There are 2 protein chains.
Amino acid sequence: MSNGPKRKPSKQSRGKRRPPLTRERVLHAALAIADDEGLDALSMRRLGQALRVEAMSLYNHVANKDEVLDGMVDMVVGEMEMPLLPDWRAALRGRALSAHEVLLRHPWAAALIESRLSPGPERLRHHDALIGALLRAGFSLELTYRAFLTLDSYIYGFTLQEVNWPFDRDERPDVVTNIEPHVTAEQYPNLVQMMGFILSAGRGDAAQPGGKAAAYLAEYAFGLDLVLDGLAAARARERQ
Amino acid sequence: MSNGPKRKPSKQSRGKRRPPLTRERVLHAALAIADDEGLDALSMRRLGQALRVEAMSLYNHVANKDEVLDGMVDMVVGEMEMPLLPDWRAALRGRALSAHEVLLRHPWAAALIESRLSPGPERLRHHDALIGALLRAGFSLELTYRAFLTLDSYIYGFTLQEVNWPFDRDERPDVVTNIEPHVTAEQYPNLVQMMGFILSAGRGDAAQPGGKAAAYLAEYAFGLDLVLDGLAAARARERQ
DNA sequence: ACCTGAACACCGTTCAAGT
DNA sequence: ACCTGAACACCGTTCAAGT
């Protein structure tokens, strides 16, 4: 759209011609750093380094770090499947499973999305589609509002727990072993029993058929279907 | 317990005798700062200032800032009502309502709790009681596990949304007015319709009987009862 | 035993100066 | 038009030095 009209071939196109900085490139680099090194590693200086530019140059393309974070959030939301299937329940279920997948691909994203104030265009579009799906299915405005709150509470709440789960993560055996000595069967009998069950059932483990991504899938689906059942019942009650 | 045995009356007890620094005092001061000024305002230097001490002195009582955050989280969890009622459903419902109240009193806490890796003693006790309540009610280990995940996903997910909600907060009219121009009825028809409903119904507003604290209570209770209904049904299915 | 000054290696952001 | 050096006001944390 705002492509410069005259772009000379430029004789010095040998060597490491770094492409011009754009908002797009800044956001993509930021997302890559967060995925690879975690959100804490993402500083404006680190971001500049990844783009072979001084940190101050970034401010020509984004207003500040908050705008970077908002942009990252919207990119992630854009990866989520929109609820478009004609059957409302299938549409909501597919969207919830897709959101879960996307949030596991970007483990830093769930917390960030929930903490951002101003939604970007992707998020607005996504929510518009979600509300539309419910209204078309005959949900009243009030029930649509409640269904939306309940569903997203579950989706983000579950995924946030999952992403920060300290158990059974091979990367953090220190955390598990640091906790265990404090958790004795006399003090916390139920907790110890539960931990035994979880470990013996091979749950929440990378030792799953689908690997780590599928570790909590059955648990996620349980609560998801529970919520969908509840919404179906509320919808039925509403229509007498 | 570790009270020094000999504590002389000390002749210079006039003026501003600041009490000795302890882990307890550090954590209480940290919690007060987070409540009053937000979690971002809580730095080790600011914390030292509140306690009339240099920041470096804090390290004699806590290992590092992470330990401060862990301590704050555990204090907040300690405020939540434990699920002790004999009726499992009443116990879980009361606990969920109490957790919601506590998390609204400390708006920074929900995000922090979910991001902490090592649970403190209060949290361990709380979860032990929760699991115990479900097991005593005849839930299997597997269903207890799933009930726990579903409930806490909902509780924290909902509260996290509520605490960061940009709409209808008198403190942040800027955010609302900044968003509105971008959200046109042509682009986001369903969203606009929903926003109209929410505002006209006086929902999510401080203009509620119970004030801000009660603004989303009906919505929170809707999803909570939906989850509890689902768990009751799952329990009934399990026992044939 | 507890507190502190100085220091280190970081942050986000501004702004005048360069090309 | 875009990039940068220097600077400002912050971080968490260490450590030798003080009392």
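Only heavy atoms go into these numbers, but all of them, side chains included; no hydrogens, no water, no symmetry mates. By convention in this document, chain letters (A, B, ...) are assigned in the order of the sequence lines, proteins followed by strands, and residues within each chain are numbered from 1. What you see is a predicted model, and the numbers here were worked out from it, not measured in a lab.
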Secondary-structure notation, DNA chain D, from Watson-Crick and G-U pairs under 3.5 angstrom (| other strand):
||.|||||...|||||.||
Residue list, salt bridge (charged side-chain N to carboxylate O under 4.0 Å, His left out) with [X], at least two apart or on another chain:
{"X": "Asp35(B)", "result": "none"}
{"X": "Asp152(A)", "result": "Arg95(A)"}
{"X": "Asp74(B)", "result": "none"}
{"X": "Glu122(B)", "result": "Arg125(B)"}

Roughly how many Å is it from CG in Leu58(A) to C1' in dT4(D), rounded to a whole number?
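Leu58(A) atom CG is separated from dT4(D) atom C1' by 12 Å.
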Expressed as a whole number of angstroms, how long is the span from Glu54(B):CD to dT4(C):C1'?
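After rounding, the reported distance stands at 6 Å.
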According to the ring-ring contact (aromatic ring centres under 6.0 Å, His included) rule, which pairs have a member within residues 104-130 of chain A, sequence neighbours left out?
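Qualifying pairs, neighbours excluded: His106(A)-Trp108(A), His127(A)-Phe148(A).
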Partner residues of Leu84(B) under the side chain to side chain contact (heavy atoms under 4.5 Å, CB included) criterion, sequence neighbours left out
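Here the qualifying residues are Met82(B).
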With Ala99(A) via side chain to side chain contact (heavy atoms under 4.5 Å, CB included) - residues at least two apart
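Partners of Ala99(A) under the side chain to side chain contact (heavy atoms under 4.5 Å, CB included) test: Met80(A), Ile155(A).
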Work out how far the P atom of dA9(C) is from that of dA9(D), and round it to whole angstrom.
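These two P atoms come out 22 Å apart once rounded.
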Base, backbone or nothing for each nucleotide of nucleotides 11-19 of chain C, written B, S, -, heavy atoms under 4.0 angstrom, 5' to 3'?
BBBB-----
What's the verdict on salt bridge (Lys or Arg N to Asp or Glu O under 4.0 Å) for Glu54(A) and Arg45(A), showing C-alpha distance, side-chain angles and the deciding distance?
CA-CA 7 Å; Glu54(A) 298 301 318; Arg45(A) 284 165 163 92; over 6 Å; no
Does Ser57(B) have a side-chain nitrogen or oxygen under 4.0 Å from the phosphate oxygens OP1 or OP2 of dC2(C)?
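For dC2(C), neither OP1 nor OP2 has a side-chain N or O of Ser57(B) closer than 4.0 Å.
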